[in-house]
Structure formats: C-alpha cells, structure tokens
2 protein chains.
Amino acid sequence: MSIERVRRRRRTPEEARLEVLACARARLLAGGPDSVTLKAVADDLGMTHANLIHHFGSAEGLQSALMGSMVADLSNALDAAIARLRTDEGAPLELINAVFDAFAEGGAGKLAAWIVLKGDLTHLEPVRAAVNGLVEAIRDKLGDPLTASPKQLSSAVLFIALSAFGEALIGPPLRDMLDQDEEASRQVVAGLLPYFLLKAERGE
Amino acid sequence: MSIERVRRRRRTPEEARLEVLACARARLLAGGPDSVTLKAVADDLGMTHANLIHHFGSAEGLQSALMGSMVADLSNALDAAIARLRTDEGAPLELINAVFDAFAEGGAGKLAAWIVLKGDLTHLEPVRAAVNGLVEAIRDKLGDPLTASPKQLSSAVLFIALSAFGEALIGPPLRDMLDQDEEASRQVVAGLLPYFLLKAERGE
DNA sequence: GATGTAACTAACAACAATGTCAATAGAGCG
DNA sequence: CGCTCTATTGACATTGTTGTTAGTTACATC
C-alpha cells in the first residue's frame, strides 16, 4: 500500500481571507461567537489554525475582520436598497421592504447583537453613511419640503431602522408570542409611514 | 505578629445565589458574556469558583440562572408598567414611556442580544405572558372595540415592543448617527400610536 | 529546471476555564 | 460543649484556545 500524500492547497491571501470570513460568518450565525474559534474554522476549511493566525495576525484580528466584513455587507445592502428606491416608483411598502431586507440579509441582527455585547461600536461607523443616504433618499422620494423638516426625515429613518433591527433580532419569537405572521412587522411600519410624514402639517 | 486567619463568611444558599447573580449581571452588562466566568465572578465576591459550582451545578447552570433572573426582571417591569397604566389616566406618551423604561431597565437590550446569540429562546417564555398582558391593557385603555380588532391590538404591541427592543439595543449609536436626542425614539412611537389605532376605521 | 517567496503544516508551550474531591469551618441544635 | 450539616476552600486534573517556531511545499519567475 502506498502512502497517500495529502496534496496541500495554496491560496492567494485574498482567497484565503474570503474563504475564512465566509466560514467564520456561517459559524457565527449558526452557533454564536463562541463557536468561531481558530481551530473550528480551520478544521472546517481543512487547514491548521496556525494558518489563520498567519493571515489575520491573531484571533482578535479574525473577529475584527469578520465584523468589518459583515458591517460592510450591511452597508452595501442598504446602499443597494437606496439605489433601487431612487429608480423605480415604489410605494412606501416597497421602501420598507427594501430596508427590512437589507437588515435581514447576512445576519444583521446577530451582527448587531454581537457588536453591542462586545461594546465595540467603532465597527458600526460605515453604517452611518448608509443611514444618512437613506434619509436623503426618503427626502427626494417622499418628502414634501413644505411639510417635512430635515429633523423629521431623520426621525423617520430612526423609526424605520429601529423597527428593522428589532425585527431582525427578535422578530420571530416576538411575532410568535403575539400570533402575528411573518409580514406583520414591515406591514405595520409601512402602514404608519405616511401618517408619520404627514405629521408636519399639524405643527408638533 | 499574629497570623491573621481570614474569617470565612457563610451565606444561606439564597443569599449566595442573589449575590452571585447580581455580580454576574453587572459583569454581563459591562463586559459581555465572555467576562462572566466562574473565576471572575468568584474573585469579585471574594470566594472560590468551586463554590459557584456548588451553588449552580456548573458554569452553564450559572448562565441559565442569570438569563432566568434577567428575563424575570424584564417580565416584572412590564407587569408593573401595565399596572401603572391601568390605574392612572396616562396619555399615549405615558404608556410608551412605561414600556420603554421596562425594556431599558436591567439591561434588557443586552439580555436580548445574549439570548439571540445563544439561540436559546426558551428562556424568553416568561415574556410571553407579560406581552399579552400588555395587549389587554391597551385594549382596555385605548382600544375602541368598534374600530380596533384583536389582531390590530396585537400588532400595535408588536410595533411598540420592536421599537423598544431596538432602542434598548442600538438606540444610542443609531440616534447619534441621525442626530436625534435621547427622547426621540419614544416620542416617535408615541406620536404614531394614535394614528395606528385609528387605522381600523379605514378598513385595511 | 533552478530558485525564491510565502502559504502552510506539525509540534510544542502557555494559559484560562471548567470541573472533581477531600478537607475545613461556620452556624444551628441537642 | 459536642454534634451534624453543608457552605466553603485548596489543590489538582482536564480540556480547549491561543500563540510560537522551525520546517515543508506550492507556485510564480527567471
């Protein structure tokens, strides 16, 4: 019997980082932060944990890169939703759906939970631009300059984002408790949005 | 010089559990789940980690007890808010404030984040009763039986709870991004609630 | 084909967290 | 005071994770 030499695969640094981050994200979403250890990720990919340290410097380096990657995806998803808004003639429900989808994709809920627990808010910074882009998109799309002030537009986005984050985090169990179906959250928010933007007429 | 014997303190089991859980909660809120280890908590309290195992069975037992304790507090805070609602003549803003306060106290935001990441939703069960109590309180307080269906009342609570959870979790950084002050979230929700409960008149 | 770079591995060291167990010592009770 | 019960300790074993280092091998380039 011949000794079967395992052929060693050599990736480019970028390939390696992408593979590792994808695997780490899957582990985070499936099993929480404790399940994304160097050894576990390395085993999944058929490499050694020393190699992960080679690419990311340390375990903390990997975690940081993972946060950055997920936040970037969330930010891009928001930008894409905004771009969609600016082109088609969507009703308010379309807008809400786009934002909720952006938060739902890529596990933004668990990402936010992780960031909050870590207390490391600096990683959220890229979201700032995306969120403010959302304010402008809503202004151009729905806002009546005579009735909706900039401050109000901002609080409209605050309202939407809070709900979308909440839904991504604890939407399913909470809806179950209240006997509400899967679309309930976004329908509620969509139904409220027109009233909210109209409110300017009445002073306040 | 005489050898100073360290006097060993002996607590009742209940005393011990309460002290430990308070300390563990403080650690969770300050440093996240990774900072609540047997040794760290024991050191804070001047005891040995073996003693924690004696009282809680295992590290997992301590975590589970901590979750239970925090969920119970959240549930009690909600119940108290409901009781307050039923007695005084509060405006919608009072109602919203009570619920937001309930979620804010005791670190409900980080609690939710922790539970979601652990994926262990069974611990949320006590919240179910509290949330449904909230539905009934709103029905008795604000709901017009002719215009607001049970389903709508439920989705009103869904809407409030999502927002309150979202605010507890990522309210501060999100409000900072949007240049909104501390009261913004609850004001928005309070301002929307009347419109929402009126919606029944128009069919939908 | 020879060579250099660096992706990758294997083995080991260091450390932290959990858990076990026999022994110690508070506190109530006769 | 003596006795019992158990909260509490101290020392140890175990396991899992991170990090280091010397060496191996894939692959591009000349």
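Chain naming here is simple, since letters A, B, ... match the order of the sequence lines and numbering starts at 1 in each. What's counted below: heavy atoms across the whole structure, side chains too, no hydrogens, waters or symmetry copies.
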[N], OP1 or OP2 - any side-chain N/O from [X] closer than 4.0 Å?
X: B:Arg7; N: C:dT24; value: no
X: B:His55; N: D:dT8; value: yes
X: A:His54; N: C:dC8; value: no

Give, for atom [atom1] of [X] and atom [atom2] of [Y], the distance between the pair rounded to the nearest 0.5 Å.
X: A:Leu134; Y: A:Lys141; atom1: CG; atom2: NZ; value: 12.5 Å
X: B:Leu29; Y: B:Leu111; atom1: CG; atom2: CG; value: 9.0 Å
X: A:Leu93; Y: A:Leu193; atom1: CG; atom2: CG; value: 10.5 Å
X: A:Asp181; Y: A:Asp176; atom1: CG; atom2: CG; value: 12.0 Å
X: B:Glu19; Y: B:Arg9; atom1: CD; atom2: CZ; value: 4.0 Å
X: B:Ile96; Y: B:Ser185; atom1: CD1; atom2: OG; value: 11.5 Å

Non-hydrogen side-chain atoms of A:Ile53 and A:Ser58 separated by less than 4.5 Å | no
Indicate yes or no: at least one non-hydrogen side-chain atom of B:Lys118 is less than 4.5 angstrom from one of B:Met67.
->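 Yes, side chains in contact.
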How many Å lie between [atom1] on [X] and [atom2] on [N], as a whole number?
X: B:Arg9; N: D:dT8; atom1: CZ; atom2: P; answer: 8 Å
X: A:Asn51; N: D:dG19; atom1: CG; atom2: P; answer: 15 Å
X: A:Leu52; N: C:dA7; atom1: CG; atom2: C1'; answer: 12 Å
X: B:Met47; N: D:dT6; atom1: CE; atom2: C1'; answer: 14 Å
X: A:Phe56; N: D:dG19; atom1: CZ; atom2: C1'; answer: 16 Å

CA sep, side-chain torsions, deciding dist, call: A:Asp73, A:Ser75, side chain to side chain donor-acceptor pair (under 3.5 Å) = CA-CA 5 Å; A:Asp73 281 4; A:Ser75 173; over 6 Å; no
Look at A:Glu125 together with A:Arg128 and state whether they make a salt bridge at an N to O cut-off of under 4.0 Å.
-> yes
From the options A:Phe159, A:Phe103, A:Phe100, select the one residue that forms a ring-ring contact (aromatic ring centres under 6.0 Å, His included) with A:Phe165.
->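 The passing option is A:Phe103.
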Tabulate protein N/O versus nucleotide N/O from nucleotides 1-3 of chain D, keeping only pairs under 3.5 Å, one per line.
none

Indicate, with a heavy-atom threshold strictly under 4.0 Å, whether A:Gly61 touches base, sugar-phosphate, or nothing.
->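 Nothing, no nucleic acid heavy atom in range.
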Per-nucleotide protein contact string for nucleotides 10-23 of chain C, where B marks a base within reach and S marks sugar-phosphate only (heavy atoms under 4.0 Å, - for neither) | B------SBBB---
Contact list for DNA chain C against residues 10-19 of chain B - heavy-atom distance below 4.0 Å | B:Arg10
